[in-house]
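See structure below.
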Number of protein chains: 2
Amino acid sequence: MLQYQETPLDLVFQALADQTRREMVERLSRGPASVSELAAPFAMSLSAVGQHLKVLEASGLVRSEKHGRVRTCRLEAEAMRRAQQWISLRRANWEQRLDRLGEYLDADDSNETTTGSQP
Amino acid sequence: MLQYQETPLDLVFQALADQTRREMVERLSRGPASVSELAAPFAMSLSAVGQHLKVLEASGLVRSEKHGRVRTCRLEAEAMRRAQQWISLRRANWEQRLDRLGEYLDADDSNETTTGSQP
DNA sequence: CTGATACTGAAGCATTCGCTTCAGTATTGA
DNA sequence: TCAATACTGAAGCGAATGCTTCAGTATCAG
């Protein structure tokens, strides 16, 4: 196992940036659904939902397969994980920095912290 | 402590959806920076970077304050946390569901799993 | 005071986005 | 076979995005 997925993060966050698509993800987190089922809660055309679905699939967040005339969609945990991890890593970096700064200031507090970079 | 922040998630993911802005966040995760410092790596006008910064601030991901003629920007960990958590929660939901399904199938495997909703 | 620095704002412009409608194409149930 | 179902695709359209340039406004260094 080692799949050739790896959609750019741009597409993942782009996909999550829309309220409708986030609600679709929310729905899919509770289990697979057909396109019509996915569309049901929304006051928009099936076509529009189909377009949102395409965005979600392009991002790798959702996978789908067609059986007969019904397309069944399911969430792809791996793409979720990558997005989560990107944020997590930057936050960790920043918070760790704040911690180190805190310790530093505890030891000696006659300092400025304007640019954060040491020339 | 209990701030009246709470920017809608839409704006956070929207902000993260752009490569330039993600690189700005990346930069800020390594420490505070001025607008010009933030703009330095990019082949675009300072004005454009200023506009990106405005998006990041509106999302709550970045906070900034002006001292003299220099605006210093820093990351806001809390907004990062909320975005991360949204993804995390949906993923957890979905993966837990997969686990339960796995156990169920281990016990009895004469079943279909097409729609995932029991009518 | 004077010129450089560091933004800041407004206008414009091409592209993308989120829809719509309308017209298809497969499937399926009766 | 025949109509209903479940999408699917193309065209169009108004609004939002991501820039640009140009013209400011403070602030600071000499």
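Naming: A, B, ... by sequence-line order, numbering from 1 per chain.
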Where do N or O atoms of nucleotides 26-30 of chain C meet protein N or O atoms at under 3.5 Å, pair by pair?
from: C:dT27; atom 1: O2; to: A:R69; atom 2: NH1; distance (Å): 3.2

If I take atom CG in residue B:L56 and atom C1' in nucleotide D:dG18, what distance separates them, rounded to the nearest angstrom? 13 Å
Here the distance between atom C1' of D:dT8 and atom CD of A:E57, to the nearest Å, is 13 Å
Less than 4.0 angstrom between a side-chain N/O of B:H52 and OP1 or OP2 of D:dC19, yes or no? yes
Do any side-chain nitrogens or oxygens of B:K66 fall under 4.0 Å of OP1 or OP2 in C:dT8? yes
Interatomic distance where CD belongs to B:Q19 and P belongs to D:dT17 [whole Å]: 19 Å
What about B:S36: does its side chain form a donor-acceptor pair under 3.5 Å with the base of C:dT5? no
Does B:L16 offer a backbone N or O that forms a donor-acceptor pair with the side chain of B:R22 under 3.5 Å? yes
Nucleotide of C:dA11, C:dC7, D:dA11 approaching A:Q51 most closely (side-chain heavy atoms): D:dA11
B:L61 and side-chain contact (heavy atoms from CB on, under 4.5 Å): which partner among B:E76, B:E78, B:M24, B:M80? B:M80
Could you check how far CG of A:L38 sits from C1' of D:dA6, rounded to whole Å? 14 Å
Quick one: is A:K54 getting a side-chain N or O under 4.0 Å of the D:dT8 phosphate, OP1 or OP2? no
Check whether any side-chain nitrogen or oxygen of A:S47 sits under 4.0 Å from OP1 or OP2 of C:dT21, and answer yes or no. no
A:L53 atom CG is separated from D:dT8 atom P, nearest whole Å, by 8 Å
Would you call B:K54-B:E57 a salt bridge at under 4.0 Å N-O? no
A side-chain contact here means heavy atoms from C-beta on lying under 4.5 Å apart; do B:L38 and B:H52 qualify? no
Taking 4.0 Å as the cut-off, does a side-chain nitrogen or oxygen of A:S45 come that near to OP1 or OP2 on C:dG18? no
Between P on C:dC17 and CG on B:D18, what's the gap in Å once rounded to a whole number? 11 Å
Looking only at heavy atoms, what is the nearest atom pair of B:V35 and B:V49, with distance? O-CG1, 4.3 Å
Nearest 0.5 Å, please: how far is CD in A:Q14 from CG in A:L56? 11.5 Å
Could you give the CG-to-C1' distance, from A:L16 to C:dC17, as a whole number of Å? 16 Å
Between B:A48 and A:L46, just flag the one whose closest nucleotide in DNA chain D comes earlier from the 5' side. A:L46
Is the A:F13 ring parallel, tilted or perpendicular to the B:F13 ring (thresholds 30°, 60°)? parallel
Among C:dC7, D:dC7, D:dG18, the nucleotide that comes nearest once only the side chain of A:V70 is considered: D:dC7
Distance check needed: C:dA6 C1' versus B:E37 CD, whole Å only. 12 Å
